[in-house]
Trainee: 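Below you'll find the structure I mean.
Every chain is numbered from 1, with letters handed out A, B, ... down the list of sequences.
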Amino acid sequence: MPSTAKAAASASTRATTPKCRGSKNFCGAALDARPPKPHPAKTMKDLASTFSAANAAVFAKLGLDPKHADVRRSDRPDLGEFQANGALAVAKAAGKKPQEVAQSVAAEWSATELSPAPSIAGPGFLNFKVTTDALTKRAQFVADDPLAGATPVERKRRVVVDYGGPNVAKGMHVGHLRASIIGESVKRIYRFRGDEVWGDAHFGDWGFQMGLVITALEDELGGFDDEAKLDARLKALTLDQLEAIYPAYAKRVKEGDIDVRDRARKATAALQGGSALHRTIWKAMHDVSMAAQKRDFASLGVDFDLWLGESDADPLIPGMVEDLDKKGLLEDDQGARILRVANPGETKKKKRYDGSVVEVESPDPLLVVSSEGSAMYGTTDLATIVQRMRDQKPDLILYCVDQRQADHFEQVYRAAAKAGYAQRDQLEHIGFGTMNGPDGTPFKTRAGGVLKLQDLIGQADEKARERLRENEIGADFSKEEFEDVAHKVATAAIKFADLSNFRGTSYIFDLDRFMSFEGKTGPYLLYQAVRIKSILRKAEEQRLKAGPIAIEHESERALALALDAFDGALRAAYDKKAPHFLAEHAFNLAQAFSGFYTNCPILPSEGAVRGSRLALAAATLKQLTLTLDLLGIDVPERM
RNA sequence: GCACCCGUAGCUCAGCUGGAUAGAGCGCUGCCCUCCGAAGGCAGAGGUCAGGGGUUCGAAUCCCUUCGGGUGCGCCA
């Protein structure tokens, strides 16, 4: 991997950066953040859950283990709408043939309001078809429910989602895209289900990179003795300059400039040691960077409840180190202080520089204090856990950070558990893969450099404008509306493309494909939603009202089943911290609506049928808009 | 060297707490606009689930192994 790409990748891995000490948000802002939506008095489970409960009752009555009674949507629509495979699993324990078990379940089936007794196929699969009555009730519930059929969590938790993490020494680049997109979605999903959630930017504003940039400035000014000169320089500092300075000096260190490295380490230690001069310089850099970061996040539709950074945890570090020391967890090692996290017997083989292989503990110890006396990022992460436990008192902290940092988080989490700062299962790394270029390696510009996030968004906006013009959309829009729609299309394209893949795998960034208005893309989903809005607007103009839902046509059944599936997708996304389940649902719903739209005329129909179809269309729009919102995607009024 | 992840249709990807004929989008072939937005719908062709072995009534899914790719491995974050 070229060094530039490697540097970009590693820089993108952690969202760390500035902080806003002094601003009011230290712990107050989070507490008055949007409250979870009120839970409706009445909730209704989805059909799969209702089926599973009914089937579990039958299993229990027959003396079969109810845990194998789960019912899910069928993958053989020709045989049924829902299926249960449990008869095969429990047959051996029951000492019967799967077929016999299935037959006894079918014979015992009594939830006839939900479905007639299941048919049996193959070796013992149970196939169910929902009664029109049950399906209609469910669809009507979804249509009337403010949560569109979603169920809140049973036990509310306090959750901090750590994502974003740009480095203040430079602007945001493509490496920050996934953390922002996935983290934002995870935050919304958790909050929507009723948890109390804080999104924290966790800016990277406190490590070696700050000492490095300070050192570069020292070289530029020939020292910091001239106060007026320094002051003027800091006032004139721009992000562009910062972005040019950092990579240049990072490269020098990387290429073996020991002098720069050592001076930067000392500067880092001085900053952390409270040097007023270093603090002043740091503050100027921080402020310049912060303004740009906020702009970039805003253009992505990403918002935080806590705009904190590594530096905010700094005041806790001395006390924490003392505490760790008191607990006997620290050891001196080559001038540094480390905390061992491996359990007895956990080792790995390691090749040394001289080629010899030694057996060492695994995971590696956490480096808490460097030989220079400064804090490392693991130290800061550990202190941040202490801070969050004190301020937000979370039940769970989710770290939405590049998968490549898995080892690091394992070290930090183990250290936190050993020190008693948090329980191991309260800390979870939500890792994701890299965003790659057409060649399958981490994304970079044609010149081989790192693409700035702002430039990426600019390219996407331009592509969106082209697409809109090609399709003759927006000719009658005001300039403002056209720009707004183009940006929404661009954002939807990028976010949906990202979130429709499982977060753990890497994907290839292909703007042309993402921006297509056809197929499984963000723009297609926006189109579907906008088309429904258009229909409902026309209905309103004609003073047509939605009425009770009545399901008759096959396409109406399919749409109702799709609407029913929302909660299952939501719960999967929540449990696995994986928004792609919701992306998949959005697409399935849009397709089901398209089939319905083609086969079941809405406005051209009449009376009760039209009322029902309008209700189905409105329910679809509500749920689709909500699902997209959980993915962080905004739908325009028209396009 | 050691560890983790990945290898599914021409392409991009789902599926992997084992279950019926392995799915979707794009691309390809063919139908469907006097009718609410065809940015759509319908149908079809296309796959030794990288290879081999094992467990099981049953494996893309679990275990072992080979090959191929990615990533990580103490004073960067």
Trainee: Restricting to side-chain contact (heavy atoms from CB on, under 4.5 Å), what partner residues turn up for Glu584(A), sequence neighbours left out?
Mentor: Lys520(A), Asn588(A)
Trainee: Listed by chain and number, what are the ring pair (Phe, Tyr, Trp, His ring centres under 6.0 Å) partners of Phe581(A), not counting sequence neighbours?
Mentor: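 With sequence neighbours excluded, Phe581(A) shows a ring pair (Phe, Tyr, Trp, His ring centres under 6.0 Å) to no residue whatsoever.
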Trainee: Ring pair (Phe, Tyr, Trp, His ring centres under 6.0 Å) with Phe82(A): which residues, sequence neighbours excluded?
Mentor: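 Partners of Phe82(A) under the ring pair (Phe, Tyr, Trp, His ring centres under 6.0 Å) test: Phe51(A).
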Trainee: Quick one, which residues of residues 329-339 of chain A touch RNA chain B with a heavy atom under 4.0 Å?
Mentor: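 Per residue number, the list reads Asp333(A), Gln334(A), Ala336(A), Ile338(A).
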Trainee: When the C1' atoms of U61(B) and U55(B) are considered, how many whole Å apart are they?
Mentor: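 Here U61(B) and U55(B) have their C1' atoms 13 Å from each other.
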Trainee: For Asp510(A), answer base if it contacts any base atom (sugar-phosphate contacts may also be present), sugar-phosphate if it contacts only those atoms, and nothing otherwise; contact means non-hydrogen atoms under 4.0 Å.
Mentor: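 No contact at all - Asp510(A) keeps every heavy atom at 4.0 Å or more from the nucleic acid.
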Trainee: CD of Gln209(A) versus P of C76(B): gap in Å, rounded?
Mentor: 11 Å
Trainee: Quick one: label Val530(A) by what it contacts on the DNA or RNA (base, sugar-phosphate, nothing), any heavy atom closer than 4.0 Å.
Mentor: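 Result for Val530(A) = base.
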Trainee: Could you pull out all residues at least two apart from Arg414(A) that satisfy salt bridge (Lys or Arg N to Asp or Glu O under 4.0 Å)?
Mentor: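 By the salt bridge (Lys or Arg N to Asp or Glu O under 4.0 Å) rule, Arg414(A) matches Glu346(A), Glu410(A).
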Trainee: Starting from the C-alpha separation in whole Å, work towards a yes-or-no answer on side-chain hydrogen bond (donor to acceptor under 3.5 Å, both in side chains) for Asp314(A) and Gln272(A).
Mentor: CA-CA 8 Å; Asp314(A) 179 65; Gln272(A) 295 179 0; 5.6 Å; no
Trainee: Given atom CZ of Arg404(A) and atom C1' of G69(B), what is their separation to the nearest angstrom?
Mentor: 15 Å
Trainee: On the 0 to 90° scale, with breaks at 30° and 60°, tag the Trp282(A)-His286(A) ring pair as parallel, tilted or perpendicular.
Mentor: parallel
Trainee: Generate the contact string for nucleotides 11-20 of chain B. Rules: B means base contact, S means sugar-phosphate contact only, - means no protein heavy atom under 4.0 Å.
Mentor: -SSSS---BB
Trainee: Do Tyr377(A) and His408(A) have side-chain atoms, one donor and one acceptor, less than 3.5 Å apart?
Mentor: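 Side chains of Tyr377(A) and His408(A): pair found under 3.5 Å.
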Trainee: Looking only at the side chains, is there a donor atom on one of Tyr574(A) and Arg571(A) sitting less than 3.5 Å from an acceptor on the other?
Mentor: no
Trainee: Would a distance-only check, ignoring hydrogens and angles, find a side-chain to backbone donor-acceptor pair under 3.5 Å from Arg503(A) to Gly431(A)?
Mentor: yes
Trainee: C62(B) and C2(B): how far apart are their P atoms, nearest whole angstrom?
Mentor: 24 Å
Trainee: Distance check needed: C73(B) P versus Glu346(A) CD, whole Å only.
Mentor: 19 Å
Trainee: In chain order, what residues pass the side chain to side chain donor-acceptor pair (under 3.5 Å) check against Asn436(A), with sequence neighbours excluded?
Mentor: Thr434(A)
Trainee: Any idea which of A77(B), A24(B), C36(B) is nearest the Tyr377(A) side chain?
Mentor: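 It is A77(B).
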Trainee: To the nearest Å, give me how far apart CZ (Phe208(A)) and P (A77(B)) are.
Mentor: 8 Å
Trainee: At a cut-off of 3.5 Å, list every protein nitrogen or oxygen paired with a nitrogen or oxygen from nucleotides 40-43 of chain B, distance to 0.1 Å.
Mentor:
| unit_1 | atom_1 | unit_2 | atom_2 | d |
| --- | --- | --- | --- | --- |
| G40(B) | OP1 | Gly519(A) | N | 3.4 |
| G40(B) | O3' | Ser594(A) | OG | 3.4 |

Trainee: Between Ile532(A) and Glu361(A), who's closer to the 5' end of RNA chain B by nearest nucleotide?
Mentor: Ile532(A)
Trainee: Determine the interatomic distance between P on A9(B) and the same-named atom on G23(B); round to the nearest Å.
Mentor: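 It comes out at 14 Å once rounded to the nearest Å.
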Trainee: Would you mind reading off the distance between Lys254(A) atom NZ and A77(B) atom C1', rounded to a whole angstrom?
Mentor: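 In whole Å, A77(B) C1' and Lys254(A) NZ are 12 Å from each other.
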Trainee: Could you measure between the two C1' atoms, the one in G7(B) and the one in C16(B), and give it in whole Å?
Mentor: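 After rounding to an integer number of Å, I get 14 Å for this pair.
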Trainee: Please state the P separation for the pair G47(B) and A24(B) - nearest whole angstrom.
Mentor: 15 Å
Trainee: I'd like to check the ring pair (Phe, Tyr, Trp, His ring centres under 6.0 Å) partners of Tyr507(A); sequence neighbours left out, ordered by chain and number.
Mentor: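 For Tyr507(A), no residue satisfies ring pair (Phe, Tyr, Trp, His ring centres under 6.0 Å) once neighbours in sequence are set aside.
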Trainee: ring-ring contact (aromatic ring centres under 6.0 Å, His included) between Tyr413(A) and Tyr399(A): does it pass, once the steps are laid out?
Mentor: CA-CA 11 Å; Tyr413(A) 298 165; Tyr399(A) 293 77; 5.3 Å; yes
Trainee: Using atom NZ of Lys266(A) as one end and atom P of C75(B) as the other, report the distance to the nearest whole Å.
Mentor: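 Result: 17 Å.
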Trainee: When you compare U34(B) with A38(B), how far apart are their C1' atoms, in angstrom units rounded to a whole number?
Mentor: 15 Å
Trainee: Choose from G37(B), A77(B), C73(B) the nucleotide whose nearest atom is closest to any side-chain atom of Ser534(A).
Mentor: G37(B)
Trainee: Is the shortest side-chain N/O distance from Arg537(A) to OP1 or OP2 of G37(B) below 4.0 Å?
Mentor: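 For Arg537(A), the contact criterion (side-chain N or O under 4.0 Å from OP1 or OP2 of G37(B)) is not met.
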Trainee: Expected output check: what is the dot-bracket annotation of RNA chain B, where ( ) and [ ] are pairs inside the strand (brackets for crossing ones), | is paired with another strand, and pairs are Watson-Crick or G-U under 3.5 Å?
Mentor: (((((((..((((.....[...)))).(((((.......))))).....(((((..]....))))))))))))....
Trainee: Checking understanding here: a glycosidic angle within 90° of 0 is syn, the rest anti, so what is C42(B)?
Mentor: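 Base orientation: anti.
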Trainee: Suppose we screen for side-chain contact (heavy atoms from CB on, under 4.5 Å). Which residues come up paired with Thr384(A), at least two apart in sequence or across chains?
Mentor: His202(A), Ala313(A), Thr380(A), Gln387(A), Arg388(A)
Trainee: Would you say the side-chain atoms of Ser594(A) and Arg531(A) include a donor-acceptor pair closer than 3.5 Å?
Mentor: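 Looking only at side-chain atoms, Arg531(A) and Ser594(A) do form a donor-acceptor pair, the distance falling under 3.5 Å.
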Trainee: In this structure, how many angstroms lie between the P atom of U71(B) and the CE atom of Met435(A), rounded?
Mentor: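 It is 15 Å, rounded to the nearest whole Å.
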Trainee: Rounded to whole angstrom, note down the C1' distance from G69(B) over to C32(B).
Mentor: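 About 44 Å, rounded to a whole number of Å.
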Trainee: Between C28(B) and G19(B), how far apart are the P atoms? Round to whole Å, please.
Mentor: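 35 Å, rounded to whole Å.
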Trainee: For Phe496(A), enumerate each residue passing the ring pair (Phe, Tyr, Trp, His ring centres under 6.0 Å) test, keeping only those at least two apart in sequence or located in another chain.
Mentor: none
